[in-house]
Each structure stands twice: as structure tokens, then as C-alpha cells.
There are 2 protein chains.
Amino acid sequence: MGLRFDPTRPIYLQIMEWIKRQAVRGVLRPGDRVPSVRDLARELQVNPNTVARAYRELEREGFLFTLRGQGTFITRDAARLARERQRLLEQAVQHFLEGLRELQPSPEEAERLMEILRRQLHDDR
Amino acid sequence: MGLRFDPTRPIYLQIMEWIKRQAVRGVLRPGDRVPSVRDLARELQVNPNTVARAYRELEREGFLFTLRGQGTFITRDAARLARERQRLLEQAVQHFLEGLRELQPSPEEAERLMEILRRQLHDDR
DNA sequence: CATAGTGTACTACCGGAATAGTACACCGAC
DNA sequence: GTCGGTGTACTATTCCGGTAGTACACTATG
């Protein structure tokens, strides 16, 4: 269970993002069932209401759908997931650039950072 | 006034980070006075208590110091600021890499991202 | 001295996040 | 039908962030 909560942000939002990331990277595939509200709550050590809220919001977004009495499932709309993945990628780059711009790294620092990034991106698979 | 609040995180934390960024990038220099609690509160459209809390925490961290009746000031410890700057840089890279790793970009995507980063880092100054 | 501008402390109140507990309707399998 | 597992709805409670308002001690300026 790889989920560490940021204590400064609502848990239900972090659960939502966590589910999205798992679906987007293929750990959860279109049509897959996500854990039951009670199971996930026990696993994450949070209240079932909190998980239920995350599921509810994700369903409102069309990211999940539920079958009463059966469970909650990842949308079967693969294009939806692909779009979300693209959005997350762009957002990550955007965030990073904004953060850097504010710190105004020198050309040397910038070069050093790029080197680190290049190494990491090619190493870890 | 370039500060947009993320509604999912406490305002006082975002003010703290904002001050730090300004100090670290030299907009605010060691020993400079920061706006009064009331002024900044009016400028950011928040309650003076919220700004006061941000200042209080930053003073507890040794990042600010106050002179009663005069105002609140950036620490004169330049090394402290340099260390903070380094910390923010590393944190930005770390965050970015974690975000990417989760999305598992293909080699082609990774190459495209690096290209975007390189262009942005060399362009915008 | 008086005044205005500092930070600071305090009370009161409101709203949202999270917890705890209970209950209900639905589905599948025995 | 019964039973266990689903999602869902609801109330009550606690905690914390944020707001509002007041008051006080300090400093610089005049």
C-alpha cells in the first residue's frame, strides 16, 4: 500500500488522486473493480465515510461508476484515462517549471538539474 | 501581488512558503522588513490573524525575527537562505521525478518532456 | 506628551474535514 | 429465503482553519 498522506490536504482528495494515478498508469484497468469502501478504509486506516466521499466525487466526475450491491469500478472509457494521463503529465511539467522559475537557477545549476533528470529518467526502468 | 491560493491547503502555510520563496530568490533580502500584519492582510484579502500566524511560525523556524513596535524582518543569516534555496530546488526535482515515475512515460514521451524542459530553462531569461 | 503604527494575545463564532455509529436497499451465492 | 458483502444516507461529535473584533505593550515621530 503505497500511500502517504499529506497532513495539510484533505484525505478524500488524496484518495481521489491516488485512484486516478493507479488507473492512469494501468495498475487499475478500465472496468476493474476498486476495493470496497470498507476494505479500503481499513487498509488506509481512515473512516469508511472518507473513502465513500472520494468514490462519490470520482463518480460525479465520470471516473468511476457503481453497481449497487456489487461494487465500484473504473470507467470503461479508455480515452478518458488517456486524457487524464496527459493532463497529469502536463501538470507535472508545469508545476516543476513554475517552481524552478521562482528560484531562478543559474545556467550552471540549470545544467546540473537537467543532468540529474536525464539520468533518473533513463535509469529507473 | 503574485499569490494565488490553493483552496485545498491552509492559507497560513501558503503565505509562509510565499515569503520563503521571495526571500530565497532575493526579492526580499536579509534584514529586509516584510509588510506589516495588517498591510499584508489587506493586500491578500485575508484576516490579520492568518498573516500573524504565518509570521509567528516563520519566526519559530528562525526565518524571520521581530522588533516589537517596529516590524518583522527577514533573518540576516544569509547562509540560512542559501540552504533553504537548495532545499527548495532539490524538493522540486524530487517531486517532479516522483510524479513522472508514477506515470511511467515511454522513452519517447520522456525525450519529449526533456526537450520541453530544456527549451523553457534556456528561454525565459 | 500625544499619536500612529508595530506585533501580540484573547474571545467568540462559523464552516469543513474527519470520525463514529447506525440503518437501509441492493446483489450474488448458498 | 437467508446471509454476507456491496454502496448509500443520516446524525452526532471533534478538531482545526479562518474570520471578526477588541485590547494591550511597544516604538518612532512629532
Side-chain angles (χ1 to χ4, degrees), chain A residues 1 3-20 22-23 28-76, chain B residues 1 3-20 22-23 28-76:
Chain A
M1 185 61 25
L3 184 49
R4 288 251 315 133
F5 289 121
D6 171 354
T8 75
R9 298 183 59 238
I11 294 177
Y12 80 95
L13 282 182
Q14 299 183 58
I15 294 178
M16 289 174 65
E17 294 162 1
W18 182 61
I19 301 281
K20 282 185 180 179
Q22 284 193 310
L28 294 173
R29 307 184 64 84
D32 272 4
R33 186 173 168 279
V34 297
S36 80
V37 165
R38 293 172 180 80
D39 279 354
L40 185 54
R42 189 158 15 85
E43 204 165 356
L44 297 181
Q45 308 264 54
V46 298
N47 192 281
N49 291 330
T50 304
V51 177
R53 177 169 186 184
Y55 283 6
R56 197 191 331 137
E57 297 289 327
L58 284 172
E59 180 171 16
R60 209 178 45 78
E61 290 184 10
F63 203 90
L64 296 179
F65 66 95
T66 70
L67 299 181
R68 301 257 303 184
Q70 300 189 43
T72 307
F73 304 82
I74 305 285
T75 179
R76 292 207 181 82
Chain B
M1 184 59 26
L3 184 49
R4 289 249 315 132
F5 289 122
D6 171 354
T8 75
R9 300 184 57 239
I11 295 176
Y12 80 96
L13 283 181
Q14 299 182 58
I15 294 179
M16 289 175 65
E17 294 162 1
W18 181 61
I19 301 283
K20 282 186 180 178
Q22 284 191 310
L28 295 173
R29 307 183 64 84
D32 272 3
R33 186 172 168 278
V34 297
S36 80
V37 165
R38 294 171 179 83
D39 280 354
L40 185 54
R42 189 159 15 86
E43 204 165 357
L44 297 180
Q45 309 264 54
V46 299
N47 193 281
N49 291 329
T50 304
V51 177
R53 178 168 185 183
Y55 284 5
R56 196 192 330 137
E57 296 288 327
L58 284 171
E59 181 171 15
R60 209 178 44 79
E61 290 184 11
F63 202 90
L64 295 179
F65 66 95
T66 70
L67 299 180
R68 302 257 303 186
Q70 299 190 43
T72 307
F73 304 82
I74 305 286
T75 179
R76 292 208 180 82

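The sequence lines fix the lettering, A, B, ..., with proteins before strands; numbering per chain opens at 1. Only heavy atoms go into these numbers, but all of them, side chains included; no hydrogens, no water, no symmetry mates.
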Does dT19(D) have OP1 or OP2 sitting under 4.0 Å from an N or O in the side chain of Thr50(B)? yes

With sugar-phosphate meaning primed atoms plus P, OP1 and OP2, does Glu59(B) contact a base, only sugar-phosphate, or nothing at under 4.0 Å between heavy atoms? sugar-phosphate

Closest of dG7(C), dG28(C), dA17(C) to the Arg68(B) side chain is dG7(C)

Given dT6(C), dT19(D), dG7(D), identify the nucleotide with an atom nearest to the side chain of Ile11(B). dT19(D)

Within less than 4.0 Å of OP1 or OP2 of dA17(C), is there a side-chain N or O belonging to Tyr12(A)? yes

Using only side-chain N and O atoms of Arg33(B), determine if any of them is under 4.0 Å from OP1 or OP2 of dT6(C). yes

Does the side chain of Gln70(B) get closer than 4.0 angstrom to OP1 or OP2 of dC26(D) through an N or O atom? no

Ignoring hydrogens and geometry beyond distance, is the side chain of Arg38(A) in donor-acceptor contact with the base of dG7(D) at under 3.5 Å? yes

Between Ser36(A) and dG5(D), does any side-chain N or O lie under 4.0 Å from OP1 or OP2? no

Atom-to-atom span, CG of Asn49(A) to P of dC15(D) - whole angstrom: 18 Å

Please check the phosphate of dT8(C) (OP1 and OP2 only) for any side-chain N or O of Thr66(B) closer than 4.0 Å. yes

Could you check whether Arg53(A) gets within reach of a base, just the sugar-phosphate, or nothing at all, counting any heavy atom under 4.0 Å? sugar-phosphate

